[in-house]
Amino acid sequence: MMKKKQWKHMTMAVAAVAMISQCPVLSAKAAPLESGNWTLLPAASDEFDGTSLDEAKWKNGIWYDVTSDLAFHPDNVSVRDGNLVLTAKKETYNGKNYTAAAVESKFEVPGTATYVEVRAKALDKKANVLSAIWLQSSPLTWAMNPNPEIDIMETFDYSKMTSTLHTWRQSPNLHLKMGSNGWNTGLDAISADYHTYALERRDGTLRFYFDGNLTWERTSYEDSFVELSRHMVLSLEGHLGAPVEEYLPGEFLIDYVRTYYDSDFAGAPTDGLYQIVNKQSGKALSVPLENNSTQLVQKDPVIAGAWRVRKEQDDTWIMENASNGHYVDLAADGGVTSNGTPILHYESHGGINQKWYIVPTEGGAFKIISALSGKSLCVKDASMEENAPIIQWTYGNDNEDDNDEWMFVRIENDSWGSEW
């Protein structure tokens, strides 16, 4: 059985001070955490500087149509003055007497080693319509169990930063609330001004922030909470009961969504042809040559072949086999969140399970992290053997095994075929 590596916990002096302080000084603007080497991911961010919703990044609406006393109306979503504007109104629509608004990102907010921050002004407390900033992806599927939901901020109590964790297992359906936290901001109503709401997922831990102050730290026994990519959801909800008509229409204003990855990606491979060699075994990533299996294996570099590596516009990488044109692919028909799920070669389809973050470690080596699951490309059981299968596993760096680290050996003479 593969040894599961232990996580290295990092000291965060700023966060510690924030927890000790009884009356924190709150800033309306925040920045990425000082403890980290943060790189902005523009494809998973939005400044809302245009005049309409960026349909390449967002879907107008979410996977349910109504929320208590309100129905979602697409006309209630707009972009104005550098803000995404979600509006609640008194009007009849889809069987409800009030309307609300919601958007779900088409981009993925990656899990492992990331920080996402939203600057927003919640809808006026007096209107009694809940503003929510959360992470979840639709549709909910069996393959993505437990389908974690991370509520970064919901205005159940306007004096607090309220954050909650849920799972939504499918087939059979089972919803579990996994924990909740309300952190006293010291304010009468957070809806009176803009604030930053943020989530860090790193070192196997979730950390929530209000205006740069640590509000909740939770180590999760479910890997998916801290590793799995999720969509950003911004919505107005009816969980507070009947809206107060006198204070409608009202607006939930979102200034920006910014996603960061904890790496400078220094030395990462540029577009080209490589052998991808396991740091521990010295064997190279390969398609199986003797049978029809689709699971990747490791082989002697002399016979392993090569991969064309290319960086995508969303700052992920794809790896295409130079012989058959198939991509390195995480099996996504089940067990996406599980350690041990096979890594395959499969024809190109543009899915996120064929996209990877190539993150430097030490000595010229890299971890290859699935942009979907947040887990690492790994040789099963730290095997040194020829044809050992390749799987995904939670990456860790306090273990004697280097079976989840890889070297990219550039091939200058493309004897496997023509370039892209």
Side-chain angles (χ1 to χ4, degrees), residues 37-44 108 110 112-114 229 259-287 296-330 343-379 390-393 395 397 402-420:
N37 197 358
W38 300 105
T39 297
L40 179 71
L41 301 179
E108 302 282 344
T112 301
T114 59
S229 71
T259 301
Y260 300 83
Y261 204 102
D262 184 16
S263 177
D264 59 8
F265 301 106
T270 55
D271 293 4
L273 191 69
Y274 296 83
Q275 284 202 306
I276 304 173
V277 179
N278 186 260
K279 182 177 179 181
Q280 176 171 285
S281 69
K283 298 186 185 300
L285 188 69
S286 180
V287 298
L296 295 178
V297 298
Q298 66 175 6
K299 283 191 171 292
D300 188 308
V302 173
I303 60 173
W307 300 85
R308 293 194 181 90
V309 176
R310 184 178 72 211
K311 189 174 183 180
E312 301 286 89
Q313 291 185 346
D314 61 2
D315 293 310
T316 63
W317 280 260
I318 57 172
M319 295 170 282
E320 178 192 2
N321 187 264
S323 296
N324 66 14
H326 286 184
Y327 285 21
V328 178
D329 181 292
L330 168 65
I343 304 299
L344 313 176
H345 64 97
Y346 200 81
E347 62 188 23
S348 173
H349 52 64
I352 190 175
N353 58 312
Q354 293 186 339
K355 296 185 176 185
W356 307 82
Y357 289 99
I358 298 178
V359 183
T361 55
E362 295 178 350
F366 298 86
K367 51 186 176 182
I368 304 175
I369 303 293
S370 169
L372 174 58
S373 70
K375 293 183 181 292
S376 176
L377 206 70
C378 185
V379 180
I390 307 300
I391 59 172
Q392 71 167 8
W393 202 272
Y395 177 83
N397 51 16
D402 291 322
N403 59 314
D404 54 4
E405 296 193 8
W406 303 82
M407 313 290 288
F408 286 80
V409 181
R410 182 113 190 189
I411 298 172
E412 299 299 338
N413 180 16
D414 187 353
S415 58
W416 278 271
S418 60
E419 293 288 350
W420 280 308

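In this text the structure is predicted, and so the values were computed from the model without any measurement.
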Rounded to the nearest 0.5 angstrom, the OH-CD1 distance for Y274 and I411 is 10.0 Å
Sorted by chain and residue number, the side chain to side chain contact (heavy atoms under 4.5 Å, CB included) partners of S229 (sequence neighbours excluded) come out as E108, I352, L372
Review point. Checking side-chain contact (heavy atoms from CB on, under 4.5 Å) for the pair T259/L40: CA distance, chi angles, key distance, verdict?
Key: CA-CA 6 Å; T259 301; L40 179 71; 5.9 Å; no
Requested in this report: Anything under 30° is parallel, anything over 60° is perpendicular, the rest tilted; go ahead and classify Y346 against H326.
Outcome: tilted
Minimal heavy-atom distance between P269 and I358, with the atoms involved, is CD-CG2, 3.7 Å
_Let's go through V287 and L296 carefully: what are the C-alpha distance in whole Å and the side-chain angles of both, what is the deciding distance for side-chain contact (heavy atoms from CB on, under 4.5 Å) to 0.1 Å, and is it a yes or a no?_
CA-CA 5 Å; V287 298; L296 295 178; 3.9 Å; yes
Those residues at least two apart in sequence (or on a different chain) that pass ring pair (Phe, Tyr, Trp, His ring centres under 6.0 Å) with W406 are none
query = Side-chain contact, heavy-atom cut-off 4.5 Å: F408 with V309?
reply = yes
On a heavy-atom basis, the closest approach of S373 and Q392 is OG-OE1, 2.6 Å
Exercise. Heavy-atom distance under 4.5 Å between the side chains of M319 and I368, does that happen here?
Worked result: yes
Is it the case that the side chain of S370 and the backbone of K375 share a donor-acceptor pair, with hydrogens and angles ignored and the cut-off at 3.5 Å? no
A268 and F366 have their tightest heavy-atom pair at CA-CE2, 3.6 Å
Tightest non-hydrogen contact, residues R410 and D271, listed as NH2-O, 3.2 Å
Output for pair (H349 NE2, Y327 OH), nearest 0.5 Å, gives 10.0 Å
Using only atom types and a distance under 3.5 Å, with no angle test, would you say the side chain of W356 pairs donor to acceptor with the backbone of V328?
yes
With sequence neighbours left out, the residues meeting salt bridge (Lys or Arg N to Asp or Glu O under 4.0 Å) with D314 are K355
To the nearest 0.5 Å, atom CD1 of I318 lies from atom NZ of K311 at 13.0 Å
### Query
What orientation do W317 and F265 show, parallel under 30°, tilted 30 to 60°, or perpendicular over 60°?
tilted
Of N278, L377, N321, the one forming a side-chain contact (heavy atoms from CB on, under 4.5 Å) with L285 is L377
In short, Y357 meets L41 closest at the heavy-atom pair OH-CD1, 3.7 Å
Practice task
Evaluate the side-chain proximity of N37 to S263: yes if any heavy-atom separation is below 4.5 Å, no if none is.
Solution key: no
Tightest non-hydrogen contact, residues Q275 and P301, listed as NE2-O, 2.9 Å
Could you walk me through whether H345 and N324 pass the side-chain contact (heavy atoms from CB on, under 4.5 Å) check? CA-CA 9 Å; H345 64 97; N324 66 14; 3.4 Å; yes
CD1 of I390 to CG of L330, rounded to nearest 0.5 Å, is 13.5 Å
- [ ] Could you go through the side-chain contact (heavy atoms from CB on, under 4.5 Å) check for T39 and D315 one step at a time?
- [x] CA-CA 10 Å; T39 297; D315 293 310; 5.9 Å; no
One should read off an interatomic distance between C378 SG and N403 CG, to the nearest 0.5 angstrom, of 4.0 Å
Between Q354 and E347, is there a donor-acceptor pair closer than 3.5 Å when you use the side chain of the first and the backbone of the second? yes
